[in-house]
Amino acid sequence: MGKYFGTDGFRGKAGEGLTAEHAYKIGRFLGWYYSRSHRAQIVVGKDTRRSSYMLEYAISAGMAASGADVYLLHVTTTPSVSYVTRTDGFDCGVMISASHNPFYDNGIKLMNREGEKMDEATIALVEDYLDGKLEVDGSLWEELPLAAGEEVGAVIDHSAGRNRYIGYLISLAMYSFKGKRIALDCANGSSWNIAPHVFAALGAEVHVINNQPDGLNINRDAGSTHMEGLQKFVRENKMDVGFAFDGDADRCLAVDENGDLVDGDKIMYLYACYMKGRGKLVNNKVVTTVMSNFGLYKALTEAGIDFAKTKVGDKYVYEHMVAHGDRIGGEQSGHIIFSKYARTGDGILTALKVMEVMLAKKQTLSKLCEPMTVYPQVLINVRVKDKAAAQADPAVQEAVQAVSDELGDTGRILVRESGTEPLIRVMVEAPSQEQCRLLAERVVEVIRAQGHERA
């Protein structure tokens with residue numbers, strides 16, 4: 001990860017960690033970089049938070065000042081920007097969003113012409129320009145040239161692209177949703193003016209909550225990070241199923257007809273089993289991160305399905321899928337990637353795929369998830385002086401191995417370094433919550449006894 005950009009873009013408190021000046025300079029770089037051989041065309045989308053307008057205008061001004069034409073999708077989802085970028089032939093795409101974060105945070109996500117996350121080499125150049133030390137093609141650029149006259153870029157409404165994305169989603173459904181009562185939690189975010197139209201067009205009786213964004217209420221006690229509201233709504237209103245999205249709708253979690261949570265692990269399990277049954281599960285494999293629940297791996301093994309584990313982050317899941325030609329992967333948090341249809345996690349697409357399995361199998365969501373048992377989990381974070389030293393300590397490794405041996409095939413322990421903080425994360429999954437706690441604390445005590453904890 002770089003100085004400004006992490007695994008999911010440039011993220012920070014709007015107006016402080018991420019300013020309009022940052023956005024303008026990023027726009028200046030992108031407009032110049034992609035216009036070196038032709039007039040670049042760049043598509044921009046944003047979520048509903050108040051600061052998204054400030055950042056949209058700033059980045060667009062920077063692009064136009066460097067000679068690029070800017071196409072605005074306005075309020076839309078991250079996966080829609082990915083889709084429009086690759087299908088309309090744009091040089092790159094930009095999404096302004098801090099995903100599931102509160103309104104006061106914001107972010108800038110960059111995509112290449114294929115709608116994938118921008119490559120690290122180009123991100124490094126963006127960061128160099130922000131720091132005033134840009135070198136491209138053997139030349140140093142303290143400042144970039146401004147376009148003038150007819151070379152100045154235009155800013156163009158492209159809401160038609162968002163509408164085509166809606167049509168694309170509708171076209172992917174294999175069954176009518178007529179007769180199904182479906183609840184949607186739009187998190188007062190990007191999906192509020194897209195998801196209800198998709199489900200209504202497919203014939204569902206749609207009930208929507210958290211679909212009145214005011215710029216400040218995105219993700220507030222709503223969406224995929226606050227499932228209790230949707231669970232209560234599904235139970236009280238006797239819905240067949242509920243789906244919750246995050247602020248930019250690249251995540252989806254579900255609620256079954258009983259109001260019980262169906263997380264990303266369960267969604268991957270039920271869809272992988274559905275694909276395998278139809279002979280469509282390429283490589284017979286699901287790509288997960290190391291944070292997926294032990295119960296998912298047991299259920300996949302029992303279903304005769306292989307799995308891979310990557311580092312935490314949908315970026316790493318997607319990279320593995322591309323490298324090996326896999327069709328489904330994702331995270332427990334609801335970032336699910338269906339590589340045949342999308343280049344990124346897509347919450348609305350995920351909801352459509354869950355509906356497809358329910359309708360094809362003629363089963364409730366709870367029944368489809370029944371074979372998978374979620375194991376209790378305990379996660380303890382230890383603030384340390386040196387992450388690498390703590391991980392490499394022989395005494396710590398011995399304690400971890402002892403816990404692993406004790407669990408055998410009834411659970412697992414995972415000790416990893418935080419990617420953004422001076423933390424060692426000790427996670428244990430076991431048949432009972434109490435066993436998880438005891439085993440995790442045993443390892444934490446060794447880390448502390450060895451003097452690694454930061455005061």
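Quick note: numbers below take in every heavy atom, side chains included, and nothing from hydrogens, waters or symmetry partners.
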Open item on the list: Could you report the tightest heavy-atom contact between V126 and I26, atom names first, then the distance?
Closed with: CG1-CG1, 4.0 Å
Task: Residues which pass ring-ring contact (aromatic ring centres under 6.0 Å, His included) with W192, listed by chain and number, not counting sequence neighbours - done: none
Task: Non-hydrogen atoms of M291 and Q377 that approach each other most closely - done: O-NE2, 4.4 Å
What donor-acceptor contacts under 3.5 angstrom involve side-chain atoms of residues 294-305, with partners at least two apart or in another chain?
residue : atom : partner : partner atom : Å
Y297    : OH   : T288    : OG1          : 2.7
Y297    : OH   : T289    : O            : 3.0
T301    : OG1  : Y297    : O            : 2.8

- [ ] Mind jotting down which residue pairs meet the salt bridge (charged side-chain N to carboxylate O under 4.0 Å, His left out) criterion with at least one end in residues 75-88? Sequence neighbours excluded, please.
- [x] D88-R164
- [ ] For E356, enumerate each residue passing the side chain to side chain contact (heavy atoms under 4.5 Å, CB included) test, keeping only those at least two apart in sequence or located in another chain.
- [x] M174, Y175, Y271, Y274, R278, K353
Open item on the list: Looking at T350 and D346, would you say the former's side chain and the latter's main chain have a donor-acceptor pair under 3.5 Å?
Closed with: yes
Task: Contacts of type ring-ring contact (aromatic ring centres under 6.0 Å, His included), residue Y83, not counting sequence neighbours - done: Y165, Y168
Task: For F103, all residues meeting ring-ring contact (aromatic ring centres under 6.0 Å, His included), sequence neighbours excluded - done: none
TODO: Check the side chains of D256 and T364 for a donor-acceptor pair under 3.5 angstrom, ignoring hydrogens and angles.
DONE: no
- [ ] Any chance you could lay out the side-chain hydrogen bond (donor to acceptor under 3.5 Å, both in side chains) test for N293 and E429, step after step, and finish with the verdict?
- [x] CA-CA 8 Å; N293 191 269; E429 290 169 339; 3.2 Å; yes
Task: Test: E257 and K367 ion pair at under 4.0 Å - done: no
TODO: State whether a side-chain donor-acceptor pair under 3.5 Å links S99 with D246.
DONE: yes
Task: Nearest heavy atoms of A183 and V234, plus distance in Å - done: CB-CG2, 4.1 Å
Open item on the list: Can you see whether H452 engages D386 through a side-chain donor-acceptor pair at a distance of less than 3.5 angstrom?
Closed with: no
Task: Smallest separation among heavy atoms of N101 and R11, with atom names - done: OD1-NH1, 3.4 Å
TODO: Give a yes or no on whether a salt bridge exists between K3 and E127, defined as a side-chain N under 4.0 angstrom from a carboxylate O.
DONE: no
Open item on the list: Do the side chains of K25 and E21 get close enough for a salt bridge, i.e. N-O under 4.0 angstrom?
Closed with: no
